[in-house]
Amino acid sequence: MSAPSILVRSIAGYEDQAALDALIEGLFAALPAAGRIGPGKTVLLKPNLLAKHPPEHAVTTHPAIVRAVARAVKRRSPARIILADSSGGVYNPAMMQATYNVSGLAKVCAEEGLELYTGCKWGERAVENGVAAEQFTLIEPVLEADVIIDLPKLKTHVMTGCTAAVKNLFGCIPGLQKAEWHMRFPDRERFGQMLVDLLCTVKPDFAILDGIVALEGDGPAGGTPHPVGLVMASEDLPALDLAVCRVIGLDPMRVPYLAAAHGRGLCAEAFDPAWADGPVEPVPGFRLPSSYTGGEGSTDFAQHTPKLVQPLVKRVERLIAPHPVVDQKKCIGCGKCAEICPGHTIQVGRTARIHPSGCIRCFCCHEMCPVKAIDVRQLRLFRL
């Protein structure tokens with residue numbers, strides 16, 4: 001495996017669009033894969049569009065980043081530029097249009113002349129040499145694109161530790177079919193293997209990560225914005241995510257998809273500063289998810305015990321592991337959590353209630369709650 005190249009650039013904010021345009025154009029000029037864009041090509045821009053959140057929440061890819069990337073692509077004169085994603089809930093034209101509107105991306109598409117995809121069609125693609133999956137159902141633009149540009153947001157994630165370039169590809173799977181994958185692979189290790197299979201199937205050409213304002217704490221939606229001032233780009237998505245782990249102070253081998261990629265020889269065990277064109281330093285005080293910090297304690301330690309006792313240890317883990325809990329005072333009874341729940345363990349009346357016996361701790365409910373009424377909790381005894 002050759003040493004990956006990661007381009008790292010600093011910028012204070014999103015306000016100076018001209019400066020951001022110049023920064024992104026410089027990244028395109030330095031990325032060999034950007035040379036694949038040209039006449040006759042169909043280019044897909046794949047942002048992080050988790051749910052209906054405005055840009056200032058730092059949950060979705062900022063429209064200023066998307067605008068700068070769109071302008072760089074247009075300078076290379078492709079036949080089509082499509083912006084598409086599948087958010088976490090129901091996948092239909094009305095829902096997607098509303099999400100594009102709130103995120104500010106519909107406005108960017110209208111002003112820059114991009115195709116905003118709301119067709120909500122999908123098809124199958126086989127996985128070559130898959131470990132966890134044999135085929136994926138992918139949204140139509142992924143299947144049709146000649147060039148795919150991944151535009152992730154730098155965020156924490158209560159299940160996977162962080163969500164960046166690789167995890168952002170989960171949005172290529174349409175709507176509630178994501179919940180089926182969570183149900184099929186409820187443990188983090190197998191879910192990580194599935195994400196690596198997805199990476200090897202979608203095969204994005206390169207990623208440009210929005211880390212100007214990141215999301216810390218209980219992401220990917222329940223956290224809080226944290227200015228970081230970085231834009232990073234690479235053709236090697238796992239290596240880019242290793243760099244993200246260094247920035248946020250997270251051991252990358254605790255990120256299930258990076259551990260899986262390392263096991264397949266697709267990335268190193270940790271980030272090497274020699275890979276980067278630009279400084280990659282930890283951000284002081286950046287908060288990890290409560291499911292990953294010492295104070296709230298990750299309980300994912302069965303894999304480090306002798307095989308003979310692992311079944312017992314896993315049963316104990318299930319009892320003490322972080323889990324979602326509904327704050328009844330905040331809950332508005334909208335039903336978004338029940339809609340996305342893979343195990344159908346949530347009932348909604350005036351408010352939502354989670355039946356813990358069927359909960360697989362995927363935290364999809366936590367991700368999709370529009371009012372942050374679902375917290376990540378752990379048995380008080382194990383809060384050190």
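Cluster annotation: V142 and V166 are assigned to the same hydrophobic cluster (Ile/Leu/Val/Met/Phe/Trp/Tyr, side-chain heavy-atom contacts under 4.5 Å, transitive). With hydrophobic clusters built from ILVMFWY side chains whose heavy atoms lie under 4.5 angstrom apart, M253 shares a cluster with V247. Residues L143 and L83 fall within the same hydrophobic cluster, defined by Ile, Leu, Val, Met, Phe, Trp and Tyr side chains chained together at heavy-atom separations under 4.5 Å. Under the 4.5 Å side-chain heavy-atom criterion for grouping Ile, Leu, Val, Met, Phe, Trp and Tyr, L215 is not connected to V376 through any hydrophobic cluster. Hydrophobic clustering, with ILVMFWY side chains joined whenever heavy atoms are under 4.5 angstrom apart, keeps V228 apart from V59.
At least one donor-acceptor pair under 3.5 Å links the side chain of Y14 to the backbone N or O of V213. A distance-only check finds a donor-acceptor pair linking the side chain of D205 to the backbone of I148 [under 3.5 Å]. Of the possible polar contacts, none joining the K155 side chain to the A221 backbone as a donor-acceptor pair under 3.5 Å is found. No side-chain donor-acceptor contact under 3.5 Å links D210 to the backbone of I65. K153 places no side-chain N or O within donor-acceptor distance of the main-chain N or O of P47, the cut-off being under 3.5 Å. No donor-acceptor pair under 3.5 Å is formed between the side chain of Y257 and the backbone N or O of T163. For the pair Y292 (side chain) and R254 (backbone), a donor-acceptor distance under 3.5 Å is present. A donor-acceptor pair under 3.5 Å is absent between the side-chain atoms of D85 and the main chain of S87, judged by distance alone. With hydrogens and angles disregarded, a donor-acceptor distance shorter than 3.5 Å links the side chain of T61 to the backbone of N48. With E115 contributing its side chain and R80 its backbone, the two residues share no donor-acceptor pair below 3.5 Å.
E367 is not listed as a side-chain neighbour of I340, based on a closest heavy-atom distance of 4.5 Å or more. Here the side chains of R190 and V131 are in contact, with some heavy-atom distance below 4.5 Å. Put simply, the side chain of V196 reaches to within 4.5 Å of the side chain of L266, judged on heavy atoms. Inter-residue side-chain proximity for K372 and D218 is flagged as unmet; no heavy-atom pair is nearer than 4.5 Å. In this structure, V73 and L114 have side chains that are not in contact, with every pair of non-hydrogen atoms separated by 4.5 Å or more. Considering only heavy atoms from C-beta on, R353 stays 4.5 Å or farther from V326 through its side chain. With a 4.5 Å cut-off on side-chain heavy atoms, I37 and I149 count as touching. Contact of the S86 side chain with the K178 side chain is registered, since non-hydrogen atoms from C-beta on lie closer than 4.5 Å.
More than 12 heavy atoms of other residues, nucleotides or ligands sit less than 6.0 Å from atom CZ of R125. Heavy atoms from other residues, nucleotides or ligands lying under 6.0 Å from CD of E144 number more than 12. With a 6.0 Å radius and a threshold of 12 heavy atoms from other residues, nucleotides or ligands, K41 has its NZ atom at or below the threshold. At most 12 heavy atoms of other shown residues, nucleotides or ligands fall within 6.0 angstrom of atom CD in E134.
Minimum interatomic distance between K203 and C200 (heavy atoms only, all atoms of both residues): CE-O, 3.0 Å. Of all heavy-atom pairs between I374 and P324, the closest is CG2-CB, 3.7 Å. Across L199 and P238, no two heavy atoms sit closer than the pair CD2-CG, 3.7 Å. Residues L240 and A165 come closest through the heavy atom pair CD2-CB, 3.9 Å. Here the closest non-hydrogen pair linking A276 and F271 is CB-CZ, 3.8 Å. Annotation for L154 and G211: closest pair CB-CA, 3.9 Å, computed over non-hydrogen atoms.
Put simply, CG on N129 and CZ on R264 are 9.5 Å apart, with the number rounded to the nearest 0.5 Å. Within the model, atoms SG of C120 and CE of M96 stand 6.5 Å from one another, a figure rounded to the nearest 0.5 Å. To the nearest 0.5 angstrom, H262 atom NE2 is 4.5 Å from E269 atom CD. Between atom CD1 of residue I346 and atom SG of residue C364 there is a gap of 9.0 Å, rounded to the nearest 0.5 Å. For the atom pair D241 CG and S234 OG, the distance stands at 9.5 Å (nearest 0.5 Å). The structure places CZ of R71 at 7.0 Å from NZ of K74, a figure rounded to the nearest 0.5 Å.
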- request: Please assess E281 against R246 for the test salt bridge (charged side-chain N to carboxylate O under 4.0 Å, His left out), listing each intermediate value before the final yes or no.
  value: CA-CA 7 Å; E281 299 297 336; R246 177 174 172 84; 3.3 Å; yes
- request: Just do the salt bridge (charged side-chain N to carboxylate O under 4.0 Å, His left out) check on D150 and K46 with the steps written out, would you?
  value: CA-CA 5 Å; D150 186 22; K46 197 287 177 197; 5.4 Å; no
task: Apply the test side chain to side chain contact (heavy atoms under 4.5 Å, CB included) to residues T160 and R188: give CA-CA distance (whole Å), side-chain angles for both, the deciding distance (0.1 Å), then the verdict.
output: CA-CA 7 Å; T160 59; R188 292 179 178 182; over 6 Å; no
Side chain to side chain contact (heavy atoms under 4.5 Å, CB included) between H366 and V158, worked out: CA-CA 9 Å; H366 175 268; V158 291; 4.0 Å; yes
- request: Starting from the C-alpha separation in whole Å, work towards a yes-or-no answer on side chain to side chain contact (heavy atoms under 4.5 Å, CB included) for E15 and L20.
  value: CA-CA 9 Å; E15 295 77 16; L20 194 52; over 6 Å; no
query: Which is it for Q193 and D197 under the side chain to side chain donor-acceptor pair (under 3.5 Å) test, yes or no, and what are the steps along the way?
result: CA-CA 6 Å; Q193 292 286 2; D197 284 343; over 6 Å; no
- request: Could you please spell out the steps behind the side chain to side chain contact (heavy atoms under 4.5 Å, CB included) verdict for F136 and Q177?
  value: CA-CA 10 Å; F136 286 105; Q177 292 184 37; over 6 Å; no
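Checked against H157 for a side-chain contact (heavy atoms from CB on, under 4.5 Å), the options P220, S291, P289, C162 give a single hit: P220. Only one option out of D236, L242, V280 pairs with W275 in a side-chain contact (heavy atoms from CB on, under 4.5 Å); it is L242.
Between H226 and F286, the two ring planes are tilted [angle within 30° to 60°]. Classification of the W181-F185 ring pair by plane angle, with boundaries at 30° and 60°, yields parallel.
The closest side-chain donor-acceptor pair between Q97 and T118, if any, does not fall under 3.5 angstrom. A donor-acceptor pair shorter than 3.5 Å cannot be found between the side chains of T156 and R287.
Checked against the 6.0 Å centroid threshold, F28 and F206 count as a close aromatic pair.
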